[in-house]
Engineer: 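Pasting a structure here, questions to come.
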Amino acid sequence: MTPAALAELVRTTAVDVLSARGVDTSVLPETVTVERPRNPEHGDYATNLAMQVGKRAGVAPRELAGWLAESLAQRDEISSAEVAGPGFLNLRLAADAQGAIVRDVLTRAEEFGSGDLYAGLRVNLEFVSANPTGPIHLGGTRWAAVGDALGRILRAQGAEVTREYYFNDAGAQIDRFVRSLVAAARGEEVPEDGYGGAYVAEIASEVLRREPGALDLPEAERDEVFRRIGVGLMFDEIKRSLHEFRTDFDVFFHEDSLHSSGAVTECLEQLKESGSLYHAEGAWWLRSTEFGDDKDRVVVKSDGAPAYIAGDIAYLRDKRERGFQLCLYMLGADHHGYIPRLKAAAAAMGDDPDSVEVLIGQLVNLVRHGEPVRMSKRAGTVVTLEDLVEAVGVDAARYSLVRSSVDSPVDIDLDLISKHTNENPVFYVQYAHARLSSLQRNAASLGIARGGVTEADLGLLTHEREGDLIRTLGEFPRVVRSAAELREPHRVARYLEELATAYHRFYDSCRVLQPGDDQPGPLTIARLQLCEATRQVLANGLSLLGVSAPQQM
RNA sequence: GCCCUCGUAGCUCAGACGGAUAGAGCAAGAGACUUCUAAUCUCUAGGUCGCAGGUUCGAAUCCUGCCGGGGGCGCCA
């Protein structure tokens with residue numbers, strides 16, 4: 001019996017009990033929650049329902065809990081129901097009812113953990129969107145790992161997710177990039193406000209290889225050559241490194257296209273006419289103060305040129321026209337000031353501001369010898385996605401970036417992380433999967449068939465560690481659901497660590513394959529199925545994080 | 001100055017919607033390998049949940065005010 005089924009049973013029981021005593025059942029919440037108590041003495045599951053509704057029902061919590069316990073204890077699925085503390089109801093499941101979780105996992109297989117929370121919802125998920133003036137740095141790498149995982153998690157809840165990367169390839173930073181390329185090609189120093197680093201020189205020389213006479217062209221033409229080829233090479237580089245990081249996008253959107261297509265102009269005209277922008281001091285303004293901004297923001301400058309934010313508005317309009325119901329943005333903490341502007345932009349176009357959701361993540365700090373390391377774009381001392389992958393590999397890099405809440409800053413210590421210590425919990429989780437895979441191989445080589453889901457007596461799984469493991473498996477669907485609801489992929493990682501622990505503990509206490517036992521008993525079959533269910537959930541969870549589930553290590 | 005965010009064990013961090021004695025990993029100490037993979041497991045030690053009030057049966061969690069770290073406050077992009 002799954003936690004969800006148990007919660008439903010508690011609720012229907014509460015309805016019966018209350019109405020039998022003449023108490024108004026409308027005091028009951030829509031959904032009852034059952035949680036797993038930390039202390040095993042408090043049962044397999046516990047509910048605080050009686051305390052929640054006791055006052056409103058006019059019944060003492062302990063008394064109400066007692067009524068529930070009496071009724072629930074008569075169910076076959078429940079082995080015990082006790083009142084504790086101020087009105088907790090502690091429940092234990094009968095072994096065979098609990099074992100049904102294993103059957104559920106094996107039946108749904110890859111689908112176990114999925115849900116329909118966002119069935120059919122069209123979601124645009126924009127993340128990374130780093131400027132195409134250099135390689136992806138550590139901060140962008142974090143968004144790549146977290147955003148990709150979030151996309152997978154939302155899809156697991158039925159959402160139709162489009163992953164999108166916005167290239168800011170219009171404006172001054174591209175000019176600076178081009179100037180840096182030209183300077184490098186001419187062997188000059190990095191210009192003021194320019195970009196340094198080996199990649200600039202590499203791209204510059206590649207431009208020269210393709211257009212050997214580029215430096216002899218008139219300045220405007222020369223810059224255009226470096227812009228066209230150099231920025232293109234940078235795009236390719238970014239896409240390639242992200243792809244190798246297993247983060248692929250459905251759409252790479254170019255800011256420049258919004259300007260060249262006239263979309264920005266068209267959008268601005270429309271907003272001016274509809275009165276969504278107001279004219280003052282020679283400029284056109286967006287009412288971002290209505291969404292908590294310090295001041296309204298200029299959209300069209302007094303010289304008639306669009307401000308940067310105009311591109312954002314036109315881009316949002318483009319997303320809306322493509323039919324997205326929810327636009328998610330993942331931005332670094334240094335961009336949190338964008339939230340009111342984006343909300344205001346949505347409102348200006350007549351959309352619900354809640355259709356725009358901005359997730360703010362803390363930055364990644366680089367540490368060496370316990371001291372913070374300053375990274376400088378100009379000096380080219382930025383640590384990149386590729387540096388990190390080279391040091392620890394894709395799995396460890398992704399996992400270590402996704403297992404923390406984005407609300408907390410992450411320190412990356414290069415000395416530590418390049419040691420290949422197993423301090424990284426990804427190995428712990430992957431090892432559990434490898435162990436389980438090995439176990440299934442061994443069973444197969446011994447000629448032991450695991451059997452179908454109806455061929456095991458899962459009620460034999462009565463060992464304490466077996467119960468813990470099964471109940472942990474049962475948590476997976478609600479972990480995925482809450483990760484999706486809260487946009488917090490790290491919950492899946494933390495869960496996997498908990499599941500791996502439960503499995504390793506089980507493995508330590510419960511022998512699965514009996515040596516010399518060519519006639520596997522029913523307990524062996526039941527345990528094999530439990531193991532396969534565990535392997536399946538580990539694989540499903542790792543898949544949501546974009547981390548591999550190795551067959552052996 | 002205003003806004004956002006964080007503050008939990010020596011270190012890195014979990015603890016959404018208020019629940020029972022606040023957890024994990026690493027580091028420290030002591031144990032368990034003729035192994036179904038020891039990248040594992042068991043035990044010990046480690047805490048003023050930044051501080052002070054408030055809300056209530058109950059607060060790490062919610063509210064207010066301080067303290068401290070990080071970030072943001074352009075007709076730049």
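These numbers were taken from a predicted model, which means no experiment stands behind them. Note on naming: letters A, B, ... go to the chains in the order of the sequence lines (proteins, then strands), and numbering restarts at 1 for each one.
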Engineer: Can you list the steps and then say if A/Leu49 with A/Leu28 is a side-chain contact (heavy atoms from CB on, under 4.5 Å)?
Structural biologist: CA-CA 8 Å; A/Leu49 180 66; A/Leu28 291 170; 4.2 Å; yes
Engineer: Could you write out each protein N or O paired with an N or O of nucleotides 16-18 of chain B at a distance under 3.5 Å?
Structural biologist:
residue : atom : partner  : partner atom : Å
B/rA16  : O4'  : A/Arg491 : NH2          : 3.1

Engineer: Return the stems involving RNA chain B, sorted by first number, where pairs are Watson-Crick (N1-N3 with N6-O4 or O6-N4) or G-U wobble (N1-O2 and O6-N3), both under 3.5 Å, and runs are 3 or more long.
Structural biologist: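 In RNA chain B, stems of three or more pairs: B:1-7 with B:67-73, B:10-13 with B:23-26, B:28-32 with B:40-44, B:50-54 with B:62-66.
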Engineer: Could you tell me whether the phosphate oxygens of B/rA39, OP1 or OP2, come under 4.0 Å of any side-chain nitrogen or oxygen in A/Arg435?
Structural biologist: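 It does not, given that no N or O in the side chain of A/Arg435 lies less than 4.0 Å from OP1 or OP2 of B/rA39.
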Engineer: When you compare B/rG15 with B/rA60, how far apart are their C1' atoms, in angstrom units rounded to a whole number?
Structural biologist: 8 Å
Engineer: Considering every strand and a 4.0 Å limit on heavy-atom distances, what is the contact class for A/Arg511: base, sugar-phosphate, or nothing?
Structural biologist: base
Engineer: When the aromatic ring centroids of A/His504 and A/Tyr428 are compared, is their separation below 6.0 Å?
Structural biologist: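 Yes - the distance between ring centres of A/His504 and A/Tyr428 falls below the 6.0 Å cut-off.
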Engineer: Could you go through nucleotides 5-9 of chain B and list every protein N or O atom that sits under 3.5 Å from one of its N or O atoms, giving the distance for each pair?
Structural biologist:
residue : atom : partner  : partner atom : Å
B/rU5   : O2'  : A/Gln362 : NE2          : 3.1

Engineer: As a test of understanding, state which of A/Val128, A/Val402, A/Leu545 forms a side chain to side chain contact (heavy atoms under 4.5 Å, CB included) with A/Val146.
Structural biologist: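 Result: among A/Val128, A/Val402, A/Leu545, A/Val402 is the only option passing the side chain to side chain contact (heavy atoms under 4.5 Å, CB included) with A/Val146.
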Engineer: With side-chain contact (heavy atoms from CB on, under 4.5 Å) as the criterion, how do A/Glu485 and A/Tyr118 come out once you've worked through the C-alpha distance, each side chain's angles and the decisive distance to 0.1 Å?
Structural biologist: CA-CA 9 Å; A/Glu485 260 182 304; A/Tyr118 296 127; 3.9 Å; yes
Engineer: Strictly below 4.0 Å, N to O, side chains only: are A/Arg227 and A/Asp175 in salt-bridge contact?
Structural biologist: yes
Engineer: Show your reasoning for whether side-chain contact (heavy atoms from CB on, under 4.5 Å) applies to A/Phe253 and A/Leu258.
Structural biologist: CA-CA 9 Å; A/Phe253 200 97; A/Leu258 287 170; 3.5 Å; yes
Engineer: Testing A/Phe252, A/Tyr315, A/Tyr329 for side chain to side chain contact (heavy atoms under 4.5 Å, CB included) with A/Glu164, which one passes?
Structural biologist: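 With A/Glu164 as partner, A/Phe252, A/Tyr315, A/Tyr329 yield a single side chain to side chain contact (heavy atoms under 4.5 Å, CB included), made by A/Tyr315.
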Engineer: If I pick the P atom on B/rC63 and the same atom on B/rC17, what distance separates them, to the nearest angstrom?
Structural biologist: 11 Å
Engineer: Look at the rings of A/Tyr507 and A/Tyr503 and say which category their plane angle falls in: under 30° parallel, 30 to 60° tilted, over 60° perpendicular.
Structural biologist: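 A/Tyr507 vs A/Tyr503 ring planes: tilted.
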